[in-house]
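So the structure is just underneath, and the comments pick up after that.
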Protein chains: 2
Amino acid sequence: MTGRPTITQLAAELGIAPSTVSRAFTRPNLLKPETVAMVQKAAEAAGYVPNHHARALSTGRAGAIGLIVPDIANPFFPPLVRAAQNYASDLGLSVFLADTDEDPTREDRLISRMAPQVEGLIVVSSRLASSRIRQIADSQRVAFINRDVPETYRILLDTAAAIRSGLTHLSGLGHRRIAYVGGPPQSWANKQRRSAVDNFSKAHALEVMHFSADPGTYDAAKALSDSVAASGVTAVIAFDDVIAHGLMGGFAAAGVDVPKDLSVIGCDDTLATETFPALSTIAVNVGAAARRAVAALSENPGSTSLTGARIIFEGTLVLRGTTGPVRPASNPLTLEPELDHPSTGSVQARRGSDS
Amino acid sequence: MTGRPTITQLAAELGIAPSTVSRAFTRPNLLKPETVAMVQKAAEAAGYVPNHHARALSTGRAGAIGLIVPDIANPFFPPLVRAAQNYASDLGLSVFLADTDEDPTREDRLISRMAPQVEGLIVVSSRLASSRIRQIADSQRVAFINRDVPETYRILLDTAAAIRSGLTHLSGLGHRRIAYVGGPPQSWANKQRRSAVDNFSKAHALEVMHFSADPGTYDAAKALSDSVAASGVTAVIAFDDVIAHGLMGGFAAAGVDVPKDLSVIGCDDTLATETFPALSTIAVNVGAAARRAVAALSENPGSTSLTGARIIFEGTLVLRGTTGPVRPASNPLTLEPELDHPSTGSVQARRGSDS
DNA sequence: GTGAAAGCGCTAACAT
DNA sequence: ATGTTAGCGCTTTCAC
């Protein structure tokens with residue numbers, strides 16, 4: 001913050017007006033090309049760097065966006081943060097990152113504190129009450145990811161179709177009793193996944209047992225694994241890959257083999273690109289969601305809030321090594337034909353991310 | 001950015017001077033308590049939020065720090081980011097996050113762009129040339145993490161002692177031929193780990209084979225696993241947990257059992273709290289490093305650069321499930337006595353993080 | 001095509 | 001204990 005040259009100093013040095021120097025950076029087309037060149041040369045030489053605060057104060061545009069996540073250490077978020085940051089950078093925007101630690105109060109405070117100093121906010125997996133969210137959306141430019149409150153600008157990573165594909169797959173393998181092991185109860189994604197499992201199961205005569213890992217950590221899931229194994233299910237769909245791994249850790253300790261004894265499908269595809277064993281899961285395009293959010297904030301910069309929108313990106317089932325036929329070579333009942341041809345949610349075998 | 005009340009408006013409303021309103025927030029002790037209360041009440045009612053840009057411009061203090069990492073999606077960084085962000089938040093600082101994508105050019109540009117608008121920078125695992133780093137350190141307030149350039153302010157996560165403990169452990173289990181599978185070649189941590197392995201091995205008649213996963217991804221490591229297995233080693237130390245997992249993925253595919261056929265030790269303890277199987281690894285206190293860095297930046301805020309310092313946090317060996325005795329019940333040679341009592345780097349069995 | 005001057009919202013002397 | 005004033009570095013009318 002010391003000794004940095006300012007526009008005024010540059011101007012003095014060159015014997016021209018500050019406004020000319022300013023224009024050389026912001027509206028070069030208004031200036032004689034040679035003037036622009038001269039200014040740029042001098043700026044470079046002097047090591048001039050524009051002061052964002054002054055610019056922001058003068059223009060009212062902050063040149064930054066805020067990104068608020070519940071827990072950056074949860075592997076779901078880093079790729080999202082990365083994509084948002086990269087895209088924002090392309091657009092000349094900086095990003096403020098804040099972590100709410102899953103605490104709604106902290107989240108609310110962070111939103112209020114950040115809002116005035118940024119062009120807009122991206123709030124991921126908000127744990128705030130719907131009423132509060134709507135309120136915030138009214139007065140701030142904010143894009144929500146994975147939180148579905150009507151009349152707000154929201155981007156949803158929809159895994160319902162892919163879950164149906166997963167269930168179809170499991171069903172084709174002979175599984176009839178499956179477990180859904182949920183995560184954070186306040187999470188939109190959790191509710192969505194849970195009801196996708198319920199609805200499909202009801203429609204196709206699958207029996208589903210419900211479990212919930214709260215908090216949604218490896219350890220909580222591991223602690224649950226015995227009850228899951230004892231429940232008589234032959235397959236489990238986990239809220240996310242961390243929970244899937246926790247379950248598998250518990251299964252391994254108990255001598256339950258995956259996928260021979262039990263099939264496991266995770267969700268979010270956060271770990272398979274860095275972790276062994278190769279987990280079957282549902283890949284979700286967090287990168288696209290992040291970019292859409294950044295784009296939304298950078299569009300029509302004047303407005304005081306974003307107009308309501310509901311944008312969906314669908315996930316896809318990725319089959320790797322943790323699903324297999326039900327063990328006691330039981331009755332591979334014929335399924336309704338449509339089950340063999342899922343209409344949505346493509347299936348693929350691969351490793352890698354598409355963000 | 002619209003219709004937000006300013007200090008001047010508040011002042012007018014209350015019939016007092018703007019400076020009084022300002023002081024109510026920044027130096028309340030200079031004011032009559034009732035005045036402070038009055039201002040606060042009015043501010044609350046009007047929804048007043050201080051404008052950080054104006055404040056920054058006026059005071060020359062940005063109220064923010066910058067955090068630059070090579071790849072936020074690499075699991076080593078999120079806990080560090082989280083700790084930095086939390087601590088900064090406690091200190092009333094916001095944090096700008098940027099990801100260099102492992103690209104030195106991008107890193108250099110990001111540093112230049114960020115520097116003027118923050119109180120200081122934390123640069124983690126810099127890939128820049130030492131000469132450039134020294135240059136930057138001269139003109140910016142910057143704390144480096146895991147990059148050891150003399151005369152800069154740097155914080156190092158030292159794993160050498162813990163690696164010696166790991167090697168001692170392996171050696172005690174009968175292992176004589178071990179592999180070191182390195183990561184990013186420009187990484188300070190990689191060089192440090194590599195030479196720790198080399199030095200210890202030389203001193204204790206262990207044979208070490210070198211491999212390098214470049215890039216340091218799961219897939220690159222997996223591709224390496226066959227050569228590693230074929231090299232005749234009975235244990236491997238991996239640069240990090242991701243590489244360890246990649247190796248294990250390859251081993252599993254090839255029918256090589258861990259730890260029966262091969263012992264594996266990872267590094268950084270980034271995955272074991274969310275991932276199965278339970279990897280033996282070296283835990284590293286990224287939280288402490290991050291907090292130290294933030295603290296360094298927030299101390300003596302006047303200066304234009306940080307005075308040189310070299311701060312070390314030592315890692316600890318964490319034994320979990322991926323190490324065991326060498327398979328063909330071979331000669332458990334007596335070791336030099338000192339090997340049984342490592343002088344540094346404690347050993348513990350546990351799960352969880354200490355950040 | 002360029003200069004002069006005002007002002008963004010806030011803080012910090014300097015009064016009083 | 002509070003008011004007055006100037007100014008942080010930049011952009012932006014408005015002149016020329």
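Chain letters run A, B, ... following the sequence lines, proteins first and then strands; every chain starts at 1.
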Item to check | Outermost DNA chain C nucleotides near chain B [under 4.0 Å, heavy atoms] | outcome: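 First and last nucleotides in contact are C:dG9 to C:dA13.
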Would a distance-only check, ignoring hydrogens and angles, find a side-chain to backbone donor-acceptor pair under 3.5 Å from [X] to [Y]?
X	Y	value
B:Ser22	B:Pro18	no
A:Gln140	A:Leu121	no
B:Gln85	A:Asp99	yes
B:Asp138	B:Ser305	no
B:Arg154	B:Thr152	yes

Check: [Y] and [X] side chains under 4.5 Å, non-hydrogen atoms:
X	Y	result
A:Pro116	B:His52	no
A:Phe96	A:Ile68	no
A:Val123	A:Val69	no

Checklist entry - Just checking A:Leu30: base, sugar-phosphate only, or nothing, at a heavy-atom cut-off of under 4.0 Å? => result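 Base contact.
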Checklist outcome for this item: 5' to 3', nucleotides 7-16 of chain D under a 4.0 Å protein heavy-atom cut-off (B base, S sugar-phosphate only, - none) gives BBBBBBB---
